[in-house]
Amino acid sequence: MQAQETGYRRFKIESRPAPHVYPIPNRFDVRARKIRLAAMLVHEAFEYRFEKEVVLSRPCIYGVFSGHFGGFKPLKHKCVGCMRCVQEYPHIMTVKPSEAYKKLGDSFWTPEMVYTVWNEASTGKIPVKGMGYKGAFGGEGFDGIWTDMSEIVRPTRDGVYGREYISTSVDVGRKPTSIDLDNVIETPRTIEIPLPIIFDELPNGTDNDDVQTAVALAAGKVGTLDVARETRLGRPGPENLLPLIDEEGIEDYEEKQPSILEFDAEKPSVLRKLLTRFDRSIIIGRLPLREDSGQVASELARQGVHGLHLYADYHGRDYSRDPRHISTALRDVHQQLVRDGLRDQVTIIASGGITLAEHVPKAIICGADLVGIDTTILVALQAEFLGETRNRANCGLRPRRINPEWGAQRLVNLMGVWHDQLIEILGAMGMRDVRRLRGDIGRSMMDSELREQSFKGIAWAT
Amino acid sequence: MGNLELIVEKHTERIHRGLEVLPTLKHGLPEGLGNKRWTGDLILATYEQALTGDIPQNGLEYKTGNSGGGFDVLGWKTHDGVAKVDQDQIDLSIPLNKRGEGEKIEIPVPIYGGGMSFGSISLNFMIARARAARRLGTYTSTGEGGYPDQIVPYRNHVITQVATGMFGVREETIQYAPIVEFKYAQGAKPGLGGHLLADKVTSEVAKMRESSMFTSLYSPFPFHSVYSVEDHKKHVDWIKTVNPRALVSVKVSTPTDVDMVAIGSYYAGANVIHIDGGYGGTGAAPEIAKKNIAMPVEYAIPKVHDYLVSEGVRDEITLMASGGIRTADDVAKAIALGADGCVVATAEAVAVGCTHCGNCERGRGCQVGITTTDPELSQFIDPEWGEKRIVNLFNAWSKRLRIILASFGLESIRDLRGRKDLLVRFK
């Protein structure tokens, strides 16, 4: 919820360095065969007539061998994997991804993803690197979607942080489909948040006080919402809370009349109660994504719900009998609501498996208005991976002790850098407003579709 | 010889020797080398081809990477009973001007060098590329960082790039050029403009780009003077006025409507439409842009080719493809998908020692002197040595291209264009 200020202020999330407080594994394991290294030094000492500066000049510009013991005790944390030492001394040096690095994450969170989130949370800067893309060609889910771009369309871009204004604000709530000024029955029930990302409920057992405080502080600083079950009296930034209310808890909230609330929409009978008792609140139904979510969503929209929070598991798979990626499930729901003429009456929040900046625009293209992040919050706060993180009831992430201020800054940085990257995508597409991206499949490209179009006529190998 | 010179000499000699030893696999395949697109095998196979000028014989995979899609899931049909063709007689040349008017330029191999700017790469590597282009009879592109005096002697083989920042674009650099390339967008960062981080903007780079030292340089997006095909036509007219004999190439990225962009470029008077796919190289780009914006070139080529055919203009414009062309097989597959030829840059960098580690954007930049402006590191690449390696690489690629063409009984690379029927797909 944007603070009302006098005068114009362009939305910007202020990042500040928030370095890792727990050591992170080195990416690379650098090793020298010590006897060969000693022999090489002796050989070079004679070759260069004991010119110390020449003999001890090292095959690394990143300082891996700048410690007191040079190659005998490489400073592994400085290695960027450039391989020059291996190029120069292939008989002595080896560089490979470290075992600790390879073990990061789980079957969904790759080490690269964990590192990316850590670094974004630490620096708040867009990851910029040289050379081209290094990963798999396409893939499933978000990996199989490319966003469109425009060769010549504004808004212009002058550098990473300089460009014409692009709005990332979204409305949460229900809008009437037409306005009749002579007969105002329903006023729009919406709130505006400045970026299409909220902090979703944290996995069971991971929301200790420090983590809760960090999330609440960050939500306040960024101006977004955080979903939580407890009332959390005395918590910072209560105006940013999106309380998740169950039937038994309705009475607790009646007096507070929050501006927005979520309920478990698997019990649709609660909706009528909520609509009556919270007649000024925005009411969001929380629903697991399944095969029939489209129909359920339409039904809830007809009954008057203001928004739907559709969630997949933490690996981005829905709860269908044959689980689909959230991108597919979202498209189904979005299209069903469009077909039923109800799409513009409800806001869709999507969560589960939103772990990288590019997932935000891609989820929006698939039909969401905004997304929620969950395990990504914990990863940014350097939680420990204890196993698989897929299951909502038993997620293999354990938060560590943190200073809430530090945690809040990490999350602010993460939101800042995701916001900047969202703007990069929107700018490349020639869009000035993230609202325009919603469900705009025509401005995306699907690997599976392009493959069939472009490789049509090419026989399968036998 | 002072110590600094000795240090440079020592490391130069060892890097160069390493590039010879590593592909022998005497010390095994380095585990930390490569990635899914540029595998360790491909990198070493490129070193080997750059050393010998021949196809690797020691079992290194030199045809495809391991990305699981695109060129990496395409292979060649096996054909029996095709007419025997003398490989030495196979024609690999392609025309760069298919229109009725203007200079008739052909290149003897279906490849020319892509834009890598002064500042993003070292001057020595730039000169090595220009020398190699001259020796091969093809071209290299300046990129958008200006036209150093040292490459003027090779100007008949240098394409002048005009990009949105207009860095170093002067009347004489347009007049030097047999081909002028408009860079509307770049595959690695479509829609985002250029990016040279402050650390690499040394006094020489700043002078060339008429900017301030150690200040990050961005070229804007898009061209502030072009918002339609008509505006683009004005650009082409401007170049033709300054240099009437120059051919015009239009480098674009690969959006959904890349076919429309191509036809627009044709009607604006371009001789070459150059499509740069999303998996291309760069000196620095936001990681999010490399993977997520615009389609890979494998999908864009047939789209553009088919559309130009349906519009009846395919034989009046040359279609060049880039953005992830790593091997001779990639070149041949791109042509079979519908391109006339390919534009290559990263493979040239690998030929002189690049490991595709992706640290080009940093302060001193590249550890082996390719993507750096550091005076010491730049010396690792002697232009003559670099020239030999790049020439050898393309000679090896030419051999492989001839083998592919001979296997189908084709006498010219031009006959391969659009022959998707000669490809097979792997699951």
Given heavy-atom pairs under 4.5 angstrom as the criterion, report whether the side chain, backbone, both or neither of Val261(B) touches chain A. side chain

Which one, Gly75(B), Ala300(B), Ser67(B), leads in non-hydrogen pairs under 4.5 Å with chain A? Ser67(B)

Heavy-atom side-chain contact between Cys366(A) and Ser327(A) under 4.5 Å: yes

Against chain B, work out which of Lys96(A), Glu44(A), Glu88(A), Arg451(A) has the most heavy-atom pairs shorter than 4.5 Å and name it. Glu88(A)

Just give me the residue among Gln421(A), Met445(A), Glu151(A) that pairs up with chain B most often, heavy atom to heavy atom, under 4.5 Å. Glu151(A)

Within the structure provided, determine whether Thr371(B) and Lys200(B) are in side-chain contact (heavy-atom separation under 4.5 Å). yes

Okay, Ser57(A) and chain B: the region with an atom under 4.5 Å from a heavy atom over there is both

Pick from Tyr89(A), Tyr48(A), Tyr62(A): which one has the most heavy-atom pairs with chain B under 4.5 Å? Tyr48(A)

Count the heavy-atom pairs under 4.5 Å between each of Gly18(B), Pro190(B), Ala285(B) and chain A, then report the option with the highest count. Ala285(B)

Glu452(A) versus chain B, heavy atoms under 4.5 Å apart: side chain, backbone, both or neither? side chain

Are any of the side-chain heavy atoms of Lys183(B) and Asp276(B) separated by less than 4.5 Å? no

Counting only heavy atoms closer than 4.5 Å, note whether Leu422(B) contacts chain A via side chain, backbone, both or neither. neither

Can you tell which of Asp231(B), Leu19(B), Asn292(B) has the highest number of heavy-atom pairs within less than 4.5 Å of chain A? Asn292(B)

Distance under 6.0 Å and angle within 45° of ring axis: Arg27(A) vs Tyr115(A): yes

Look only at the side chain of Lys362(A) and the backbone of Ile145(A), and say whether a donor-acceptor pair between them is shorter than 3.5 Å. yes

Non-hydrogen side-chain atoms of Asp29(A) and Lys102(A) separated by less than 4.5 Å: no

Classify the ring geometry of Phe137(A) against Tyr299(B): parallel below 30°, tilted from 30° to 60°, perpendicular beyond 60°. perpendicular

Are Gln367(B) and Asn359(B) close enough that a side-chain donor and a side-chain acceptor fall under 3.5 Å? no

Heavy-atom pairs under 4.5 Å with chain A - which of Val73(B), Asn35(B), Thr346(B) has more of them than the others? Asn35(B)

Heavy-atom side-chain proximity of Phe142(A) to His325(A) below 4.5 angstrom: yes

Is there side-chain contact between Ile364(A) and Asp440(A), with heavy atoms separated by less than 4.5 Å? no

Largest heavy-atom contact set with chain A, pairs under 4.5 Å, which of Ala185(B), Pro30(B), Ser253(B): Ser253(B)

Part of Leu217(B) lying under 4.5 Å from any heavy atom of chain A: neither

Counting heavy-atom pairs under 4.5 Å with chain B, the top scorer among Pro59(A), Ala428(A), Ser444(A) is Ala428(A)

Closest-packed option against chain A by number of heavy-atom pairs under 4.5 Å, given Lys189(B), His356(B), Glu298(B): His356(B)

Any Phe71(B) side-chain heavy atom under 4.5 Å of Arg326(B) side chain: yes

Check whether Leu197(B) gets within reach of chain A through its side chain, its backbone, both or neither, counting any heavy atom under 4.5 Å. side chain

Are Phe50(A) and Phe46(A) an aromatic pair, judged by ring center distance below 6.0 Å? yes

Proximal component of Pro302(B), with respect to chain A [non-hydrogen, under 4.5 Å]: side chain

Highest number of heavy-atom pairs under 4.5 Å with chain B: which of Lys134(A), Met149(A), Gln87(A)? Lys134(A)

At a heavy-atom separation under 4.5 Å, does Leu377(B) approach chain A through its side chain, its backbone, both, or neither? side chain

Residue Val95(A) versus chain B: region with a heavy atom under 4.5 Å: backbone

Looking only at heavy atoms, which two atoms of Ala121(A) and Asn413(A) are closest? And how far apart? O-ND2, 2.9 Å

Region of Phe223(B) in contact with chain A, defined by heavy-atom distances below 4.5 Å: neither

With a 4.5 Å cut-off on heavy-atom pairs, point out which of Gly135(A), Ala357(A), Gly138(A) contacts chain B the most. Gly135(A)

